[in-house]
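Just so you know, these numbers come straight off a predicted model, no measurement behind them.
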Amino acid sequence: MAEHSYRDGTAVAGAALALLAALGPMPAGAAAAQQNADTGPTPGTAAASGFVPGPCPRTPEPIEALADARCGFLEVPENRARPGGRTIRLAVAVIPAASAKPAQDPVVFMSGGPGGETFDDIPFLVSSGLNRDRELIVMAQRGNLYDQPDLACPELDRFNSTAVGLPSYAPQTQRLMLDAVKQCRNRLTADGTDLSAYNSTENAADFADLRTALGIGRWNVYGHSYGSNLALTYLRLHPQGIRAVAFDSIAPPQSVSLPFAWASAHEGLQNLYKACAAEPRCKSRYPDLERTLNEQVRELEAHPLTLNVRPPQGGDPVKVVLDGGALVNLLVAKAIPFAELPASIDELGRGRPERFARARAAGAAQVVGQTAHGLTNSVVCSEWVPDHTASDVLAAGRRAFPDWPDQVLAQAPQLAFQDQVCRVWNVPDRTAQQRVAPAGSVPTLFLNGTGDMKTGASWAQRTARSLPGSTTVQIPGIGHWVVPQSPCAQKVLASFLATPAAPDTACVAGLGWEPFTITPK
(Lines give C-alpha, C1' and ligand atoms only; values in the text may rest on other atoms or scores of the structure.)
Protein backbone atom coordinates (compact mmCIF):
# COMPACT_ATOMS: atom_id res chain seq x y z
CA MET A 1 0.00 0.00 0.00
CA ALA A 2 2.81 2.20 -0.63
CA GLU A 3 4.76 3.48 -3.62
CA HIS A 4 7.09 6.05 -5.17
CA SER A 5 6.44 9.71 -5.74
CA TYR A 6 5.76 9.44 -2.06
CA ARG A 7 4.58 5.92 -2.87
CA ASP A 8 1.66 7.29 -4.90
CA GLY A 9 2.74 7.01 -8.51
CA THR A 10 2.73 3.23 -9.13
CA ALA A 11 0.95 0.25 -7.71
CA VAL A 12 2.91 -1.26 -4.87
CA ALA A 13 0.03 -2.09 -2.57
CA GLY A 14 -0.38 -5.67 -3.65
CA ALA A 15 2.39 -4.88 -6.10
CA ALA A 16 2.64 -8.40 -7.37
CA LEU A 17 -0.95 -8.15 -8.43
CA ALA A 18 -1.33 -4.61 -9.69
CA LEU A 19 -1.43 -4.11 -13.42
CA LEU A 20 0.57 -0.89 -13.25
CA ALA A 21 4.01 -2.03 -12.13
CA ALA A 22 6.46 -2.68 -14.92
CA LEU A 23 9.76 -3.90 -16.31
CA GLY A 24 13.15 -2.27 -16.42
CA PRO A 25 16.80 -3.33 -16.13
CA MET A 26 18.00 -4.66 -12.80
CA PRO A 27 19.37 -1.68 -10.81
CA ALA A 28 22.89 -1.64 -9.54
CA GLY A 29 21.65 -2.03 -5.98
CA ALA A 30 19.68 -5.14 -6.87
CA ALA A 31 22.70 -6.61 -8.61
CA ALA A 32 24.84 -5.77 -5.60
CA ALA A 33 22.33 -7.40 -3.30
CA GLN A 34 22.46 -10.51 -5.45
CA GLN A 35 26.25 -10.45 -5.35
CA ASN A 36 26.20 -10.10 -1.58
CA ALA A 37 23.79 -13.02 -1.35
CA ASP A 38 26.07 -15.12 -3.57
CA THR A 39 29.34 -14.32 -1.83
CA GLY A 40 28.28 -13.56 1.75
CA PRO A 41 26.64 -15.66 4.43
CA THR A 42 23.47 -17.46 3.38
CA PRO A 43 20.47 -18.53 5.43
CA GLY A 44 21.57 -21.33 7.72
CA THR A 45 20.25 -23.52 10.49
CA ALA A 46 22.06 -21.99 13.46
CA ALA A 47 20.09 -20.35 16.25
CA ALA A 48 19.43 -16.66 15.76
CA SER A 49 22.49 -14.70 16.88
CA GLY A 50 21.16 -11.15 17.01
CA PHE A 51 22.70 -8.18 15.27
CA VAL A 52 25.78 -8.65 13.08
CA PRO A 53 27.55 -5.39 12.02
CA GLY A 54 28.36 -5.04 8.35
CA PRO A 55 28.57 -2.60 5.43
CA CYS A 56 25.57 -0.61 4.32
CA PRO A 57 23.82 -1.80 1.13
CA ARG A 58 25.06 -0.46 -2.19
CA THR A 59 21.89 1.18 -3.45
CA PRO A 60 21.19 2.04 -7.13
CA GLU A 61 21.44 5.74 -6.33
CA PRO A 62 23.73 6.84 -3.48
CA ILE A 63 21.82 7.57 -0.26
CA GLU A 64 23.64 10.33 1.56
CA ALA A 65 22.32 9.33 4.98
CA LEU A 66 23.93 5.91 4.70
CA ALA A 67 27.41 7.46 4.56
CA ASP A 68 27.40 7.95 8.35
CA ALA A 69 25.04 5.11 9.26
CA ARG A 70 25.82 1.97 11.23
CA CYS A 71 24.62 -1.01 9.24
CA GLY A 72 24.47 -4.76 9.45
CA PHE A 73 22.04 -7.66 9.63
CA LEU A 74 19.60 -8.92 12.19
CA GLU A 75 19.72 -12.71 12.23
CA VAL A 76 16.39 -14.31 13.17
CA PRO A 77 14.67 -17.68 12.72
CA GLU A 78 12.71 -17.88 9.49
CA ASN A 79 9.86 -19.62 11.32
CA ARG A 80 9.80 -19.26 15.10
CA ALA A 81 7.31 -22.13 15.34
CA ARG A 82 9.97 -24.51 14.01
CA PRO A 83 12.93 -24.67 16.40
CA GLY A 84 16.11 -25.64 14.64
CA GLY A 85 14.90 -24.27 11.31
CA ARG A 86 16.96 -22.01 9.13
CA THR A 87 18.06 -18.49 9.99
CA ILE A 88 17.49 -15.47 7.77
CA ARG A 89 19.23 -12.08 7.69
CA LEU A 90 17.47 -8.71 7.62
CA ALA A 91 19.31 -5.56 6.51
CA VAL A 92 19.48 -2.78 9.14
CA ALA A 93 20.70 0.82 9.11
CA VAL A 94 20.98 3.10 12.15
CA ILE A 95 21.10 6.69 10.89
CA PRO A 96 22.52 9.22 13.37
CA ALA A 97 20.50 12.17 14.57
CA ALA A 98 21.19 15.57 13.04
CA SER A 99 21.02 17.20 16.47
CA ALA A 100 24.18 17.48 18.56
CA LYS A 101 22.12 16.51 21.62
CA PRO A 102 19.62 13.93 20.41
CA ALA A 103 16.88 12.34 22.46
CA GLN A 104 17.75 8.94 23.88
CA ASP A 105 14.71 7.20 22.38
CA PRO A 106 15.22 6.54 18.66
CA VAL A 107 12.48 6.13 16.07
CA VAL A 108 12.16 2.90 14.09
CA PHE A 109 10.49 2.92 10.68
CA MET A 110 8.15 0.27 9.28
CA SER A 111 7.74 0.56 5.53
CA GLY A 112 4.74 0.00 3.32
CA GLY A 113 3.85 -2.57 0.72
CA PRO A 114 3.96 -5.25 1.98
CA GLY A 115 7.14 -5.85 0.06
CA GLY A 116 8.08 -2.25 -0.73
CA GLU A 117 11.82 -1.59 -0.85
CA THR A 118 12.68 -0.06 2.52
CA PHE A 119 16.07 1.57 2.00
CA ASP A 120 14.67 3.51 -0.94
CA ASP A 121 12.46 5.31 1.60
CA ILE A 122 15.37 6.73 3.58
CA PRO A 123 15.75 10.02 1.63
CA PHE A 124 12.04 10.76 2.17
CA LEU A 125 12.36 10.02 5.89
CA VAL A 126 15.42 12.21 6.33
CA SER A 127 13.96 15.11 4.33
CA SER A 128 10.85 14.83 6.54
CA GLY A 129 12.95 15.30 9.68
CA LEU A 130 12.63 11.81 11.16
CA ASN A 131 16.28 11.90 12.31
CA ARG A 132 16.35 15.56 13.31
CA ASP A 133 16.28 14.97 17.06
CA ARG A 134 16.84 11.22 17.41
CA GLU A 135 18.42 8.28 15.68
CA LEU A 136 16.42 6.74 12.83
CA ILE A 137 16.46 2.96 12.58
CA VAL A 138 15.47 1.32 9.31
CA MET A 139 15.13 -2.45 8.85
CA ALA A 140 14.10 -4.18 5.65
CA GLN A 141 11.19 -6.45 6.48
CA ARG A 142 11.88 -10.14 5.88
CA GLY A 143 12.20 -10.97 2.21
CA ASN A 144 13.01 -7.41 1.12
CA LEU A 145 15.78 -6.35 -1.20
CA TYR A 146 19.16 -6.54 0.62
CA ASP A 147 17.84 -9.31 2.89
CA GLN A 148 18.95 -12.93 2.73
CA PRO A 149 16.84 -14.40 1.24
CA ASP A 150 15.38 -11.74 -1.04
CA LEU A 151 11.84 -12.69 -2.12
CA ALA A 152 11.77 -10.69 -5.35
CA CYS A 153 9.74 -12.10 -8.25
CA PRO A 154 11.22 -10.91 -11.56
CA GLU A 155 8.59 -13.08 -13.25
CA LEU A 156 5.87 -10.79 -11.89
CA ASP A 157 7.79 -7.63 -12.72
CA ARG A 158 8.01 -8.78 -16.34
CA PHE A 159 4.31 -9.61 -16.38
CA ASN A 160 3.43 -6.20 -14.95
CA SER A 161 5.42 -4.57 -17.75
CA THR A 162 3.52 -6.55 -20.38
CA ALA A 163 0.19 -5.90 -18.68
CA VAL A 164 0.12 -2.18 -19.55
CA GLY A 165 -0.64 -3.31 -23.11
CA LEU A 166 -3.32 -5.85 -22.14
CA PRO A 167 -6.98 -5.52 -21.15
CA SER A 168 -6.96 -5.30 -17.37
CA TYR A 169 -9.25 -8.21 -16.52
CA ALA A 170 -9.28 -10.35 -19.65
CA PRO A 171 -8.77 -14.15 -19.38
CA GLN A 172 -5.43 -13.85 -21.19
CA THR A 173 -4.23 -11.30 -18.65
CA GLN A 174 -5.30 -13.54 -15.78
CA ARG A 175 -3.56 -16.55 -17.32
CA LEU A 176 -0.28 -14.68 -17.77
CA MET A 177 -0.40 -13.36 -14.22
CA LEU A 178 -1.07 -16.76 -12.69
CA ASP A 179 1.74 -18.29 -14.74
CA ALA A 180 4.12 -15.68 -13.35
CA VAL A 181 2.89 -16.26 -9.81
CA LYS A 182 3.37 -20.01 -10.16
CA GLN A 183 6.87 -19.61 -11.58
CA CYS A 184 7.89 -17.36 -8.71
CA ARG A 185 6.40 -19.61 -6.06
CA ASN A 186 8.06 -22.71 -7.49
CA ARG A 187 11.44 -21.01 -7.63
CA LEU A 188 11.26 -19.66 -4.06
CA THR A 189 10.09 -22.92 -2.52
CA ALA A 190 12.73 -24.86 -4.47
CA ASP A 191 15.31 -22.70 -2.69
CA GLY A 192 13.87 -23.83 0.65
CA THR A 193 11.86 -20.70 1.47
CA ASP A 194 8.99 -21.29 3.91
CA LEU A 195 6.42 -18.91 2.44
CA SER A 196 4.10 -19.37 5.43
CA ALA A 197 6.69 -17.65 7.65
CA TYR A 198 6.50 -14.34 5.79
CA ASN A 199 3.63 -12.77 7.71
CA SER A 200 2.92 -9.87 10.06
CA THR A 201 3.33 -11.91 13.25
CA GLU A 202 6.89 -12.91 12.29
CA ASN A 203 7.58 -9.38 10.98
CA ALA A 204 6.52 -7.92 14.34
CA ALA A 205 8.68 -10.40 16.26
CA ASP A 206 11.64 -9.36 14.08
CA PHE A 207 11.28 -5.76 15.24
CA ALA A 208 10.95 -6.86 18.86
CA ASP A 209 14.18 -8.83 18.47
CA LEU A 210 15.85 -5.83 16.81
CA ARG A 211 15.16 -3.58 19.80
CA THR A 212 16.67 -6.14 22.15
CA ALA A 213 19.64 -6.87 19.88
CA LEU A 214 20.52 -3.17 19.66
CA GLY A 215 20.20 -2.75 23.44
CA ILE A 216 17.49 -0.10 23.20
CA GLY A 217 15.34 0.39 26.29
CA ARG A 218 12.58 2.45 24.66
CA TRP A 219 11.92 3.57 21.15
CA ASN A 220 9.24 5.22 19.03
CA VAL A 221 7.58 3.55 16.04
CA TYR A 222 6.55 5.20 12.76
CA GLY A 223 4.83 3.09 10.12
CA HIS A 224 3.03 3.97 6.90
CA SER A 225 0.49 1.99 4.86
CA TYR A 226 1.25 -1.71 5.43
CA GLY A 227 3.84 -0.46 7.91
CA SER A 228 0.98 0.98 9.97
CA ASN A 229 -0.69 -2.43 9.83
CA LEU A 230 2.55 -3.99 11.04
CA ALA A 231 2.98 -1.32 13.73
CA LEU A 232 -0.46 -2.11 15.14
CA THR A 233 0.41 -5.83 15.15
CA TYR A 234 3.71 -5.02 16.85
CA LEU A 235 1.97 -2.82 19.46
CA ARG A 236 -0.50 -5.59 20.22
CA LEU A 237 2.00 -8.44 20.46
CA HIS A 238 5.15 -6.69 21.73
CA PRO A 239 4.22 -3.54 23.70
CA GLN A 240 7.35 -3.67 25.82
CA GLY A 241 9.73 -0.81 25.20
CA ILE A 242 7.38 1.23 23.00
CA ARG A 243 7.24 4.91 23.96
CA ALA A 244 4.88 6.13 21.19
CA VAL A 245 3.53 4.98 17.81
CA ALA A 246 2.66 7.08 14.75
CA PHE A 247 0.52 5.60 11.97
CA ASP A 248 0.61 7.22 8.53
CA SER A 249 -2.13 6.21 6.04
CA ILE A 250 -3.60 3.64 8.38
CA ALA A 251 -4.33 0.11 7.15
CA PRO A 252 -5.79 -1.50 10.28
CA PRO A 253 -5.22 -5.27 10.45
CA GLN A 254 -8.72 -5.90 11.78
CA SER A 255 -10.20 -4.28 8.65
CA VAL A 256 -7.86 -4.66 5.67
CA SER A 257 -9.38 -6.86 2.97
CA LEU A 258 -10.39 -6.64 -0.66
CA PRO A 259 -13.73 -4.97 0.23
CA PHE A 260 -11.70 -2.45 2.29
CA ALA A 261 -10.05 -1.36 -0.97
CA TRP A 262 -13.40 -0.38 -2.52
CA ALA A 263 -14.49 1.59 0.55
CA SER A 264 -11.21 3.52 0.56
CA ALA A 265 -11.36 4.29 -3.16
CA HIS A 266 -14.90 5.62 -2.75
CA GLU A 267 -13.95 7.85 0.19
CA GLY A 268 -10.97 9.38 -1.58
CA LEU A 269 -12.90 10.08 -4.78
CA GLN A 270 -15.82 11.62 -2.90
CA ASN A 271 -13.40 13.94 -1.11
CA LEU A 272 -11.95 14.96 -4.48
CA TYR A 273 -15.42 15.76 -5.84
CA LYS A 274 -16.26 17.80 -2.74
CA ALA A 275 -13.00 19.74 -2.95
CA CYS A 276 -13.65 20.65 -6.59
CA ALA A 277 -17.22 21.69 -5.76
CA ALA A 278 -15.91 23.89 -2.94
CA GLU A 279 -13.54 25.75 -5.26
CA PRO A 280 -15.62 28.16 -7.42
CA ARG A 281 -13.40 27.96 -10.51
CA CYS A 282 -13.29 24.16 -10.41
CA LYS A 283 -17.02 23.87 -9.79
CA SER A 284 -17.80 26.23 -12.68
CA ARG A 285 -15.42 24.56 -15.14
CA TYR A 286 -16.06 20.91 -14.16
CA PRO A 287 -19.64 20.84 -12.80
CA ASP A 288 -20.25 17.18 -13.67
CA LEU A 289 -16.98 15.61 -12.60
CA GLU A 290 -18.45 12.51 -10.94
CA ARG A 291 -20.87 11.84 -13.77
CA THR A 292 -18.09 12.25 -16.36
CA LEU A 293 -15.84 9.77 -14.56
CA ASN A 294 -18.65 7.24 -14.16
CA GLU A 295 -19.44 7.51 -17.87
CA GLN A 296 -15.79 7.01 -18.81
CA VAL A 297 -15.34 3.93 -16.61
CA ARG A 298 -18.36 2.36 -18.35
CA GLU A 299 -17.38 3.51 -21.84
CA LEU A 300 -13.74 2.41 -21.62
CA GLU A 301 -14.64 -0.96 -20.17
CA ALA A 302 -17.08 -1.54 -23.03
CA HIS A 303 -14.78 -0.06 -25.69
CA PRO A 304 -11.13 -0.03 -24.57
CA LEU A 305 -8.66 2.29 -26.25
CA THR A 306 -5.37 0.93 -27.61
CA LEU A 307 -2.74 3.61 -28.05
CA ASN A 308 0.98 3.96 -28.64
CA VAL A 309 2.18 6.53 -26.13
CA ARG A 310 5.58 7.93 -25.27
CA PRO A 311 6.12 7.53 -21.50
CA PRO A 312 6.61 10.69 -19.40
CA GLN A 313 10.20 9.67 -18.67
CA GLY A 314 10.99 9.49 -22.41
CA GLY A 315 11.99 6.63 -24.65
CA ASP A 316 10.16 4.82 -27.39
CA PRO A 317 6.36 4.80 -27.50
CA VAL A 318 4.69 2.07 -25.48
CA LYS A 319 1.53 0.18 -26.40
CA VAL A 320 -1.11 0.71 -23.71
CA VAL A 321 -4.67 -0.47 -23.31
CA LEU A 322 -6.85 2.03 -21.48
CA ASP A 323 -10.01 0.36 -20.22
CA GLY A 324 -12.26 0.86 -17.21
CA GLY A 325 -10.10 -1.27 -14.92
CA ALA A 326 -6.93 0.56 -15.92
CA LEU A 327 -8.61 3.93 -15.36
CA VAL A 328 -9.67 2.96 -11.85
CA ASN A 329 -6.23 1.60 -10.98
CA LEU A 330 -4.57 4.79 -12.20
CA LEU A 331 -6.88 6.88 -10.01
CA VAL A 332 -6.24 4.80 -6.91
CA ALA A 333 -2.48 4.85 -7.51
CA LYS A 334 -2.55 8.64 -7.84
CA ALA A 335 -0.77 8.28 -11.13
CA ILE A 336 -1.98 11.81 -11.97
CA PRO A 337 -1.57 14.61 -9.39
CA PHE A 338 -4.78 15.67 -7.66
CA ALA A 339 -4.50 19.22 -9.00
CA GLU A 340 -4.70 17.85 -12.56
CA LEU A 341 -7.36 15.19 -12.02
CA PRO A 342 -10.49 17.25 -12.79
CA ALA A 343 -8.91 18.51 -16.01
CA SER A 344 -7.74 15.00 -16.92
CA ILE A 345 -11.21 13.51 -16.37
CA ASP A 346 -12.82 16.31 -18.36
CA GLU A 347 -10.35 15.82 -21.23
CA LEU A 348 -11.03 12.09 -21.20
CA GLY A 349 -14.73 12.79 -21.54
CA ARG A 350 -13.98 15.00 -24.52
CA GLY A 351 -12.06 12.28 -26.35
CA ARG A 352 -8.60 13.29 -25.17
CA PRO A 353 -7.15 10.39 -23.15
CA GLU A 354 -3.53 11.50 -23.38
CA ARG A 355 -2.92 12.23 -19.68
CA PHE A 356 -4.26 8.88 -18.52
CA ALA A 357 -2.55 7.06 -21.38
CA ARG A 358 0.83 8.58 -20.49
CA ALA A 359 0.29 7.65 -16.86
CA ARG A 360 -0.44 4.09 -17.95
CA ALA A 361 2.68 4.04 -20.14
CA ALA A 362 4.84 5.17 -17.23
CA GLY A 363 4.47 1.69 -15.75
CA ALA A 364 6.69 0.30 -18.50
CA ALA A 365 9.85 1.73 -16.91
CA GLN A 366 9.80 0.18 -13.45
CA VAL A 367 12.78 -1.86 -12.26
CA VAL A 368 12.98 -5.63 -12.00
CA GLY A 369 13.79 -7.27 -8.68
CA GLN A 370 13.14 -4.35 -6.35
CA THR A 371 9.79 -5.36 -4.83
CA ALA A 372 9.55 -8.41 -2.56
CA HIS A 373 6.48 -9.91 -4.23
CA GLY A 374 7.02 -13.04 -2.15
CA LEU A 375 6.33 -11.08 1.03
CA THR A 376 3.46 -9.26 -0.68
CA ASN A 377 1.69 -12.46 -1.67
CA SER A 378 2.32 -14.25 1.59
CA VAL A 379 0.83 -11.42 3.66
CA VAL A 380 -2.06 -10.66 1.32
CA CYS A 381 -3.00 -14.31 0.82
CA SER A 382 -2.84 -15.24 4.50
CA GLU A 383 -4.15 -12.07 6.16
CA TRP A 384 -6.31 -10.05 3.75
CA VAL A 385 -8.13 -12.52 1.53
CA PRO A 386 -9.28 -15.78 3.15
CA ASP A 387 -12.27 -14.61 5.20
CA HIS A 388 -14.44 -13.22 2.41
CA THR A 389 -15.68 -14.39 -0.99
CA ALA A 390 -15.53 -13.05 -4.52
CA SER A 391 -19.19 -12.09 -4.19
CA ASP A 392 -18.28 -9.99 -1.12
CA VAL A 393 -15.80 -8.03 -3.23
CA LEU A 394 -18.35 -7.43 -5.96
CA ALA A 395 -20.99 -6.40 -3.42
CA ALA A 396 -18.57 -3.90 -1.84
CA GLY A 397 -17.78 -2.49 -5.27
CA ARG A 398 -21.45 -2.12 -6.11
CA ARG A 399 -22.10 -0.28 -2.84
CA ALA A 400 -19.23 2.10 -3.51
CA PHE A 401 -19.78 2.66 -7.24
CA PRO A 402 -23.24 1.49 -8.35
CA ASP A 403 -22.80 3.06 -11.80
CA TRP A 404 -19.69 1.07 -12.69
CA PRO A 405 -19.76 -2.27 -14.58
CA ASP A 406 -19.45 -5.54 -12.70
CA GLN A 407 -16.41 -6.48 -14.81
CA VAL A 408 -14.53 -3.68 -13.04
CA LEU A 409 -16.13 -4.07 -9.61
CA ALA A 410 -15.33 -7.78 -9.36
CA GLN A 411 -11.61 -6.97 -8.93
CA ALA A 412 -10.46 -4.85 -6.01
CA PRO A 413 -8.32 -1.89 -7.16
CA GLN A 414 -4.66 -2.86 -7.56
CA LEU A 415 -5.40 -6.42 -6.40
CA ALA A 416 -6.53 -8.15 -9.57
CA PHE A 417 -7.40 -11.87 -9.67
CA GLN A 418 -6.51 -12.14 -6.00
CA ASP A 419 -8.57 -15.24 -5.20
CA GLN A 420 -6.90 -17.16 -8.01
CA VAL A 421 -3.45 -15.85 -7.08
CA CYS A 422 -3.90 -16.99 -3.51
CA ARG A 423 -4.95 -20.46 -4.56
CA VAL A 424 -1.63 -20.72 -6.40
CA TRP A 425 0.38 -19.16 -3.56
CA ASN A 426 -1.19 -21.55 -1.03
CA VAL A 427 -0.28 -20.21 2.41
CA PRO A 428 -2.30 -20.84 5.60
CA ASP A 429 -5.22 -18.63 6.60
CA ARG A 430 -4.08 -16.21 9.32
CA THR A 431 -7.09 -13.90 9.41
CA ALA A 432 -8.09 -15.11 12.89
CA GLN A 433 -4.71 -14.01 14.24
CA GLN A 434 -4.84 -10.64 12.48
CA ARG A 435 -8.48 -9.57 12.75
CA VAL A 436 -7.95 -8.27 16.28
CA ALA A 437 -8.59 -4.67 17.34
CA PRO A 438 -5.57 -3.02 18.96
CA ALA A 439 -5.62 -2.00 22.61
CA GLY A 440 -3.30 -0.37 25.10
CA SER A 441 -2.33 2.92 26.68
CA VAL A 442 0.73 3.77 24.55
CA PRO A 443 0.26 7.25 22.99
CA THR A 444 -0.62 6.99 19.31
CA LEU A 445 -0.91 9.43 16.41
CA PHE A 446 -2.91 8.85 13.22
CA LEU A 447 -2.00 10.92 10.15
CA ASN A 448 -4.15 10.51 7.05
CA GLY A 449 -4.73 12.39 3.80
CA THR A 450 -8.25 13.15 2.66
CA GLY A 451 -7.35 12.35 -0.94
CA ASP A 452 -6.05 8.87 -0.13
CA MET A 453 -7.87 6.31 -2.32
CA LYS A 454 -5.90 3.35 -0.93
CA THR A 455 -6.42 3.69 2.80
CA GLY A 456 -9.36 6.01 3.41
CA ALA A 457 -8.84 8.70 6.03
CA SER A 458 -11.90 7.74 8.09
CA TRP A 459 -10.35 4.40 9.07
CA ALA A 460 -8.21 6.30 11.58
CA GLN A 461 -11.15 7.32 13.74
CA ARG A 462 -12.52 3.77 13.75
CA THR A 463 -9.16 2.30 14.70
CA ALA A 464 -8.47 4.89 17.39
CA ARG A 465 -11.60 3.92 19.35
CA SER A 466 -9.77 1.12 21.13
CA LEU A 467 -6.63 3.17 21.77
CA PRO A 468 -7.17 5.72 24.59
CA GLY A 469 -5.12 8.86 24.22
CA SER A 470 -4.96 8.70 20.43
CA THR A 471 -4.66 11.83 18.30
CA THR A 472 -6.14 11.70 14.79
CA VAL A 473 -5.22 14.24 12.13
CA GLN A 474 -6.51 14.57 8.57
CA ILE A 475 -4.46 16.56 6.07
CA PRO A 476 -6.66 17.98 3.25
CA GLY A 477 -5.72 17.18 -0.32
CA ILE A 478 -2.91 14.73 0.44
CA GLY A 479 -2.85 11.18 -0.85
CA HIS A 480 -1.09 8.06 0.36
CA TRP A 481 1.94 8.47 2.71
CA VAL A 482 1.25 11.85 4.24
CA VAL A 483 4.39 12.96 6.07
CA PRO A 484 6.79 13.37 3.11
CA GLN A 485 4.15 15.42 1.26
CA SER A 486 3.02 17.77 4.03
CA PRO A 487 5.20 20.19 6.04
CA CYS A 488 2.32 20.47 8.51
CA ALA A 489 2.23 16.70 8.99
CA GLN A 490 5.99 16.80 9.59
CA LYS A 491 5.48 19.41 12.31
CA VAL A 492 2.72 17.37 13.93
CA LEU A 493 4.85 14.23 13.90
CA ALA A 494 7.85 16.06 15.38
CA SER A 495 5.65 17.51 18.11
CA PHE A 496 4.19 14.07 18.83
CA LEU A 497 7.63 12.51 19.16
CA ALA A 498 8.65 15.32 21.53
CA THR A 499 5.46 15.21 23.64
CA PRO A 500 3.38 12.14 22.73
CA ALA A 501 0.55 12.98 25.13
CA ALA A 502 -0.03 16.48 23.74
CA PRO A 503 1.12 17.00 20.14
CA ASP A 504 0.64 20.42 18.56
CA THR A 505 -1.80 20.10 15.65
CA ALA A 506 -2.53 23.82 15.17
CA CYS A 507 -1.09 23.98 11.64
CA VAL A 508 -3.85 21.72 10.28
CA ALA A 509 -6.55 24.37 10.71
CA GLY A 510 -5.32 26.53 7.84
CA LEU A 511 -4.84 23.78 5.28
CA GLY A 512 -6.82 23.09 2.10
CA TRP A 513 -6.52 21.33 -1.22
CA GLU A 514 -4.05 22.64 -3.77
CA PRO A 515 -5.87 24.76 -6.38
CA PHE A 516 -7.04 22.66 -9.29
CA THR A 517 -5.76 23.11 -12.83
CA ILE A 518 -8.35 24.93 -14.94
CA THR A 519 -8.12 24.29 -18.68
CA PRO A 520 -9.94 26.29 -21.39
CA LYS A 521 -13.10 24.78 -22.84
Side-chain angles (χ1 to χ4, degrees), residues 3 8-24 155-181 261 265 269 292-336 340-341 344-366 368 397 401 403-418 420-421 453:
E3 64 273 346
D8 269 323
T10 56
V12 171
L17 317 166
L19 299 182
L20 305 176
L23 175 66
E155 304 90 344
L156 279 161
D157 292 324
R158 286 189 281 270
F159 160 76
N160 287 332
S161 174
T162 303
V164 302
L166 299 173
S168 296
Y169 304 136
Q172 176 195 8
T173 306
Q174 176 181 328
R175 184 172 60 254
L176 291 172
M177 171 181 271
L178 296 183
D179 286 346
V181 171
L269 270 174
T292 301
L293 178 60
N294 290 343
E295 289 173 349
Q296 289 307 302
V297 173
R298 292 194 302 269
E299 174 64 22
L300 288 173
E301 191 61 22
H303 306 287
L305 298 176
T306 300
L307 308 101
N308 288 312
V309 183
R310 195 176 301 278
Q313 62 271 22
D316 294 333
V318 174
K319 175 191 172 184
V320 301
V321 172
L322 189 60
D323 56 12
L327 177 58
V328 171
N329 282 305
L330 290 168
L331 290 167
V332 172
K334 198 192 169 188
I336 293 176
E340 298 175 18
L341 259 185
S344 302
I345 294 169
D346 177 75
E347 289 172 353
L348 186 63
R350 295 170 183 267
R352 296 176 52 197
E354 290 82 8
R355 293 200 208 214
F356 282 105
R358 284 197 302 270
R360 177 80 160 150
Q366 294 299 305
V368 166
F401 300 102
D403 293 327
W404 292 3
D406 283 356
Q407 171 87 355
V408 171
L409 300 174
Q411 308 292 338
Q414 299 189 285
L415 291 162
F417 311 122
Q418 193 60 64
Q420 296 88 341
V421 165
M453 299 183 202

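Between the side chain of Thr162 and the backbone N or O of Arg158 there is at least one donor-acceptor pair closer than 3.5 Å. Not a single donor-acceptor pair under 3.5 Å links the side chain of Thr292 to the backbone N or O of Asp346. Panel note: side chain Asp323, backbone Ala326; a donor-acceptor pair is recorded below 3.5 Å. Without hydrogens or angle criteria, Arg358 side chain to Val309 main chain gives no donor-acceptor distance under 3.5 Å. Here the side chain of Asn329 pairs no donor or acceptor atom with the backbone of Pro413 at under 3.5 angstrom.
Here the side chains of Leu166 and Val321 are not in contact, with every heavy-atom distance at 4.5 Å or above. Between Leu327 and Gln296 the shortest side-chain heavy-atom distance falls below 4.5 Å. Inter-residue side-chain proximity for Val328 and Phe401 is flagged as unmet; no heavy-atom pair is nearer than 4.5 Å.
Between Ala361 and Val318, the closest heavy-atom pair is CB-CB, 4.3 Å. Minimum heavy-atom separation, Pro312 to Ala362: CD-CB, 3.8 Å. The shortest non-hydrogen separation linking Met453 to Val332 is O-CG1, 3.6 Å. Taking both residues in full, the closest heavy atoms of Arg355 and Ser344 are given as CD-OG, 3.0 Å, listed atom of the first, atom of the second, then distance. Of all non-hydrogen atoms in Phe159 and Thr173, the two that sit nearest each other are CE1-O, 3.6 Å.
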Gln411/Phe417 under side chain to side chain contact (heavy atoms under 4.5 Å, CB included): CA gap, chis, key distance, verdict: CA-CA 7 Å; Gln411 308 292 338; Phe417 311 122; 3.8 Å; yes
Test side chain to side chain contact (heavy atoms under 4.5 Å, CB included) applied to Val421 and Met177, step by step: CA-CA 8 Å; Val421 165; Met177 171 181 271; 3.9 Å; yes
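Every residue meeting the side chain to side chain contact (heavy atoms under 4.5 Å, CB included) condition with Pro353, not counting sequence neighbours, appears here in chain and number order: Leu305, Leu307, Leu322, Leu348. Partners of Pro405 by side chain to side chain contact (heavy atoms under 4.5 Å, CB included), not counting sequence neighbours, listed by chain and number: Val297, Arg298, Glu301, Val408.
To the nearest 0.5 Å, atom CG of residue Leu330 and atom CD of residue Gln414 are 9.0 Å apart. From Asp179, atom CG reaches atom CG of Leu156 across 10.5 Å, with rounding to the nearest 0.5 Å.
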